[in-house]
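Below you'll find the structure, written out as structure tokens, and then a few comments.
Labels below follow one simple rule: chain letters A, B, ... track the order of the sequence lines, proteins then strands, and each chain is numbered from 1. Predicted, not measured: the structure shown is a model, and the values here were computed from it.
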2 protein chains.
Amino acid sequence: MPITIYDIAKAAGVSIATVSRVFNQAENVKPQTRKKVLKIADEMGYHPHVYAQGLASKKKNRIVMLAPVMSNYFFTEVLRGIQDSLAEEHFELNIVNIGRKKDAFKLVEETIKKRWAEGYLLVSLHFSEKELKLLKRHNIPVCLVDDFSNSFDSVSFNNEEGAYLATKYLISKGNRQIAVLSANANSIPIRDRLKGYRRALDEFEIPYDENLIITGDSMERDGFTELSGYQAMNKILNLDPIPDAVFCTSDTKAVGAQKALKEHGVHLPLISFDNLTIAEYIGLSTVNQPMYDMGFRATNKLIQRLHNPDLRISNEVHHPELVIRSSSEKLKEVTS
Amino acid sequence: MPITIYDIAKAAGVSIATVSRVFNQAENVKPQTRKKVLKIADEMGYHPHVYAQGLASKKKNRIVMLAPVMSNYFFTEVLRGIQDSLAEEHFELNIVNIGRKKDAFKLVEETIKKRWAEGYLLVSLHFSEKELKLLKRHNIPVCLVDDFSNSFDSVSFNNEEGAYLATKYLISKGNRQIAVLSANANSIPIRDRLKGYRRALDEFEIPYDENLIITGDSMERDGFTELSGYQAMNKILNLDPIPDAVFCTSDTKAVGAQKALKEHGVHLPLISFDNLTIAEYIGLSTVNQPMYDMGFRATNKLIQRLHNPDLRISNEVHHPELVIRSSSEKLKEVTS
DNA sequence: CTGAAAGCGCTTACAG
DNA sequence: CTGAAAGCGCTTACAG
């Protein structure tokens, strides 16, 4: 039913090879012929069938992005970076939602096996080195985003350092008892951020107190939600004594935490993590994570590898930057 | 280089037809044969080539979502609905970013012509009936999300009604001078929302004053950004007299607007639009828009049409619901 | 500058 | 339950 290259060739009185050349920007077609083919193709509403093209040419001009969760701001910014980077190249983007299931790895492997794309971007998927080795044997270009490995190119973020900076800042302002608004303790970013927190404590010889590591009850999205932040902050406010300050592991959680603070009429100096757009508008002190850049850079890296498969593996680590706004201030002395 | 169906057939001592049957869940394969093929395929790391499958079978099991902007919460929620709906079916999702360019329509048409997918979801793309007619002639299943047309199935939202409800509520609380924090005046949602605003004014015989329709200077994302809301609210606060209340055309803008209010130490009753997750946490009174549901329902509708192309065109309109929180309160009387 | 022909990796009647 | 063969709609040396 749909128009094929044969229909166009017949209507234009040329061979299908010529039609194909016209659509592949080949230079060696008589301008007159080209014009005629284009005209007829336009009239008949023809467009090459991508699957047939892909099969015959063995080119796909497509990269696939795999991610565990799509509906959060982090993902959204990374995606924006990817798309902006791709816009300059001749590639299409495919997005596959992996979800948080146990068999995430299987799903990723299945997807890669299907060979839809020439390259794959694995975002926030923290597989073991063993699993990554399994992926490696499919011998396909992959770049990790927000993860690190020796087996593949990667663009990641120094979470440990970010938490260290935030905690150190709070300490430098005279806070000693610093609670952590944490999330799923098994998630890699949380593990790294807790390490940074401890390093700062150690440096100032403040004893580590595990009772100050507080997690909300909701574990949706690994606990990186407003609700979970709200729950956790309520727990913190029930601590006795109430800690001096809070290191919050994400801006999203901080939004929930601030609601709890407001309801209790309490202020606690707080620094969070990510620097989402909203942070600026609600006065959140936070650790800036260049999500957009990470997506952009990772895509560049992947495309480079497509062009040159023998490139040495390269790991790019982005560094944190502390952005201080009002949430980290101590309460102003109230002169009564 | 990659393993093909021939390699598996040879290794298993069967024909490629049999291998194909095994991978297509055909029932008529001897269990023994099936097991053997599966084992060998697994060992050799084989997976059917999707392009070849698509070409030979003329099935794609793929739907494409086309959207103008991806990095905002609205899109993100719609996407979540789409994915949840798709998860139950046997379809893959492809996302194509159309951007805000002039030639958005051309891009959409190009994409549809490529015939990647059996069905297309057009999200927040407001084309004219004339343009939609052009799309129609490609004779392909399409469902519009956040838009309405007689030519295609659609799932949309009653923006006019939402603005009407919000404005009416503000009036009912005794506010007369109600400013609008607006955005790109040419965007369809803004046009509809302004209509609803006027209808409420008319009903209460409040004269319409175009000086109360305020837009920020930044027109990124049609002005639906925190920055734009911040700018617009600053303008409103310079009005003389300051209006009684504000109808804000999106939660995102409201976040910016609240910052401006805070900086000026002023409170103005405010209702906004969308009911993003964050609205609950910052006490925003707002018009709930069921974004997730709209994505979910639209996908269902599209898949139904795939199964049954002769279905009558169906337009589903979702209705607004006012969610009142603290931002719309009048300032409490200060007893001094 | 153009065409005939082989081939890309599958599916699917058709026949047995 | 299985195989031989045609066909899906293209691209691309190869030859002219």
* Asked: Within the structure, does a side-chain N or O atom of S15(A) lie under 4.0 Å from either OP1 or OP2 of dT2(C)?
  -> no
* Between dA6(C) and dT2(C), how far is it from one P atom to the other, in whole Å? -> 23 Å
* Asked: How long is the gap from CG on L86(B) to CG on N97(A), to the nearest 0.5 Å?
  -> 10.5 Å
* To do: From the options dT2(C), dC10(D), dG9(C), select the nucleotide whose nearest atom is closest to the side chain of L55(B).
  => dG9(C)
* At under 4.0 Å between heavy atoms, what does Y51(A) touch on the DNA or RNA strands: base, sugar-phosphate, or nothing? -> nothing
* **F127(A) and its ring pair (Phe, Tyr, Trp, His ring centres under 6.0 Å) partner, picked from F152(A), F105(A), F148(A)** => F105(A)
* So, do D147(B) and S154(B) sit near enough that their side-chain heavy atoms are less than 4.5 Å apart? -> no
* Ignoring backbone atoms, establish whether T4(A) has a side-chain N or O less than 4.0 Å from OP1 or OP2 of dC8(D). => no
* Atom-to-atom span, CG of N24(B) to C1' of dA13(C) - whole angstrom -> 14 Å
* **Closest listed nucleotide, where the reference is the side chain of H49(A) and the choices are dG9(C), dG3(C), dC10(D)** => dC10(D)
* Asked: At under 4.0 Å, does any side-chain N or O of Y6(B) touch on OP1 or OP2 of dG7(C)?
  -> no
* Under 3.5 Å, is there a donor-acceptor pair between the side chain of K301(A) and the main chain of V155(A)? -> no
* Using a 4.0 Å heavy-atom cut-off across all strands, classify S20(B) as base, sugar-phosphate, or nothing. => base
* Can you see which heavy atom on M44(A) is nearest to which on A11(A), and at what distance? => SD-CB, 4.1 Å
* Using a 4.0 Å heavy-atom cut-off across all strands, classify F23(B) as base, sugar-phosphate, or nothing. => nothing
* To do: May I have the distance from Q53(B) (atom CD) to dT12(C) (atom C1'), rounded to whole angstrom?
  => 13 Å
* **Heavy-atom closest pair, residues N150(A) and I313(A)** => O-CD1, 3.3 Å
* **Runs of at least three consecutive pairs that involve DNA chain D, where pairs are Watson-Crick or G-U with distances under 3.5 Å** => C:1-3 with D:14-16, C:5-12 with D:5-12, C:14-16 with D:1-3
Show the distances under 3.5 angstrom between N or O atoms of the protein and N or O atoms of nucleotides 14-16 of chain C.
none

* Which residue lies more 5' along DNA chain D, comparing I16(B) with S57(B) via nearest heavy atoms -> I16(B)
* Asked: Hey, does V14(A) reach any base, or is it just sugar-phosphate, or nothing, if we go heavy atoms under 4.0 Å?
  -> sugar-phosphate
* Asked: When you compare dG16(C) with dT12(C), how far apart are their C1' atoms, in angstrom units rounded to a whole number?
  -> 16 Å
* Asked: In whole Å, what is the span from the CG atom of N61(B) to the C1' atom of dT11(C)?
  -> 14 Å
* Asked: Among L121(B), D153(B), L302(B), I63(B), which residue meets the side-chain contact (heavy atoms from CB on, under 4.5 Å) test with P141(B)?
  -> L302(B)
* Asked: For K58(B) and dC10(C), is the shortest distance between a side-chain N/O and OP1 or OP2 below 4.0 Å?
  -> no
* Is any side-chain N of the basic residue among E109(B) and K106(B) closer than 4.0 Å to the acidic one's carboxylate O? -> no
* For the pair made of CD1 in I5(A) and P in dG3(C), what is the distance, rounded to whole Å? -> 12 Å
* Asked: Which listed nucleotide (dT11(D), dC10(C), dG3(D)) is nearest to the side chain of P48(B)?
  -> dC10(C)
* Between K36(A) and dC1(C), does any side-chain N or O lie under 4.0 Å from OP1 or OP2? -> no
* **Between dC1(C) (C1') and R34(A) (CZ): distance, integer Å** => 11 Å
* What about the rings of F23(A) and Y46(A), do their centers lie closer together than 6.0 Å? -> yes
* **Crowding at CD, E43(B) (>12 non-hydrogen neighbours, <6.0 Å)** => yes
* Asked: Think K59(B) has a side-chain N or O under 4.0 angstrom from the OP1 or OP2 of dT12(C)?
  -> yes
* To do: Compare the minimum distances between each of dC1(D), dG7(C), dA4(D) and the side chain of P31(B), then state the nucleotide with the smallest one.
  => dC1(D)
* **Validation row: E110(A), H47(B) side chains within 4.5 angstrom (heavy atoms)** => yes
